[in-house]
Number of protein chains: 2
Amino acid sequence: MNEKFIKAHWMESKNQRLAHISDIIQNEQVTSQEQLLKTLLSQGFAVTQATLSRDLKKLKIAKVPSTDGTYQYVLPNSSVSASMSDFSGSSNILNGLISVELSANMGVIKTIPAFSSTISAAIDSRKLKSLAGTIAGDDTIFFVIREKFSHSDVKKELIEKFPELENKLK
Amino acid sequence: MNEKFIKAHWMESKNQRLAHISDIIQNEQVTSQEQLLKTLLSQGFAVTQATLSRDLKKLKIAKVPSTDGTYQYVLPNSSVSASMSDFSGSSNILNGLISVELSANMGVIKTIPAFSSTISAAIDSRKLKSLAGTIAGDDTIFFVIREKFSHSDVKKELIEKFPELENKLK
DNA sequence: ATTCAGGATGCAAAACTACACAAATAATTA
DNA sequence: TAATTATTTGTGTAGTTTTGCATCCTGAAT
């Protein structure tokens with residue numbers, strides 16, 4: 001076999017490995033290089049942990065403390081947030097609505113940035129009996145629940161007026 | 001008799017330490033816990049590496065490979081806080097925050113005029129478990145506390161995520 | 001062909017970090 | 001106040017990651 005093949009084999013092996021590492025980091029909870037090592041070995045990549053350390057360094061993969069009390073490796077630029085892309089083309093404004101949550105006499109609606117006032121206006125226009133009023137920020141709406149109305153009253157009325165947010169109500 | 005003094009001493013020591021760690025991480029190139037340890041010791045903080053490991057975990061400070069071939073510790077949401085750091089010469093966004101006060105299921109934050117949305121966004125980005133959402137005016141932020149969370153839960157989480165506002169919390 | 005340079009990698013040691021445990025302290029409750 | 005429970009921390013060490021060095025492979029230059 002000629003040199004090019006052999007070289008190609010190596011290079012490809014390395015690049016495939018780097019690609020797989022990115023994939024794995026993105027799709028699984030990787031908490032240590034040893035764990036990553038096992039996964040890679042089981043996929044047919046013959047490497048050692050030392051190489052992984054170098055690979056992770058090349059890929060700028062960081063080790064961060066996660067909320068569940070463990071450490072995880074994460075890809076750089078992982079601060080990707082849901083944006084308007086996944087809703088463009090839709091005719092329904094409420095698709096910009098992410099979630100609704102009630103707390104005591106208040107409600108909090110999370111929306112895609114810049115959509116809150118539109119959504120807020122839409123809610124106002126329906127004049128819900130259970131709501132005293134709404135106020136919109138950039139990506140958040142607050143509303144005040146009228147005296148004597150319960151959380152389930154509010155949920156019922158919201159779903160009645162806006163069936164499409166059924167599964168966004170906490 | 002000295003209990004209060006001792007308590008104050010310890011608590012303050014810890015929160016000051018956390019705040020200093022954030023500052024140091026933000027302003028210097030920290031490449032290891034040992035290095036951070038030396039810096040802190042030289043500033044009069046008596047701690048050990050083990051404590052730093054725990055502090056960094058609490059603060060969600062990550063170890064990332066940097067472009068210059070070294071490893072560095074960086075604050076969470078570094079892209080966000082970095083882009084905001086050139087804001088009015090202040091090294092810390094939260095310097096625009098004047099006070100935080102809780103009432104029932106709501107909280108009110110007073111800020112320097114025009115700083116509220118920036119600060120509000122900073123709080124949102126940290127995704128505090130105890131908060132349902134925030135909304136910003138010009139110099140005031142309201143936030144809604146999630147059901148089942150107490151005032152002390154909120155205070156604890158706020159200080160955990162933003163050690164520097166320790167003394168601004170009523 | 002030989003030599004030299006550079007990249008990739010394993011090995012093992014060094015460096016570094018996290019954690020179990022125990023002790024001290026603080027907060028809470030009885 | 002005493003007892004109980006929770007928090008914080010240092011010590012020692014286990015666990016993890018990084019790195020120096022040797023080696024192998026390849027490509028380029030001599």
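Sequence lines set the chain letters: A, B, ... in the order given, protein chains first and strands last, and positions in each chain run from 1.
The salt bridge (Lys or Arg N to Asp or Glu O under 4.0 Å) analysis of residues 27-50 of chain A, with sequence neighbours excluded, yields no pairs.
Using a 4.0 Å heavy-atom criterion, one finds that B:Thr48 contacts the bases of the nucleic acid, with or without backbone contacts as well. If you check every strand for non-hydrogen atoms under 4.0 Å, B:Thr51 touches sugar and phosphate atoms only.
For the atom pair A:Ile109 CD1 and A:Ile98 CD1, the distance stands at 11.5 Å (nearest 0.5 Å). Within the model, atoms CZ of A:Arg146 and CG of A:Asn105 stand 13.0 Å from one another, a figure rounded to the nearest 0.5 Å.
Between A:Ser53 and D:dT17 there is no side-chain polar atom (N or O) within less than 4.0 angstrom of OP1 or OP2. For C:dT17, the OP1/OP2 oxygens have a side-chain nitrogen or oxygen of B:Lys63 closer than 4.0 Å. OP1 or OP2 of C:dT9 sits under 4.0 Å from a side-chain N or O of A:Arg17.
D:dT17 atom C1' lies 16 Å from atom NZ of A:Lys58, rounded to whole Å. In this structure, the CD1 atom of B:Ile61 is 16 Å from the C1' atom of C:dA18, given to the nearest Å.
Mapped onto DNA chain D by nearest heavy atom, A:Arg54 and B:Asp55 fall at different nucleotides, with B:Asp55 at the one closer to the 5' end. Residue whose closest nucleotide on DNA chain D sits further toward the 5' end, between B:Ala46 and A:Leu52: B:Ala46.
For B:Tyr71, the listed nucleotide lying nearest its side chain is D:dT18; candidates were D:dT18, D:dG10, C:dG10. Here D:dT17 is the nucleotide among C:dA18, C:dC11, D:dT17 with the atom lying nearest to any side-chain atom of A:Gln49.
Chaining together hydrophobic side chains whose heavy atoms lie under 4.5 Å apart places B:Phe142 alongside A:Met106, A:Val108, A:Ile135, A:Phe142, A:Val144, B:Met106, B:Val108, B:Ile135, B:Val144.
More than 12 heavy atoms of other residues, nucleotides or ligands shown are found within 6.0 angstrom of NZ on A:Lys60.
Of all the residues in residues 24-43 of chain A, not one reaches under 4.0 Å from DNA chain C with any non-hydrogen atom.
Note on A:Ile159: it clusters hydrophobically with A:Leu131, by side-chain heavy-atom contacts below 4.5 Å among ILVMFWY residues.
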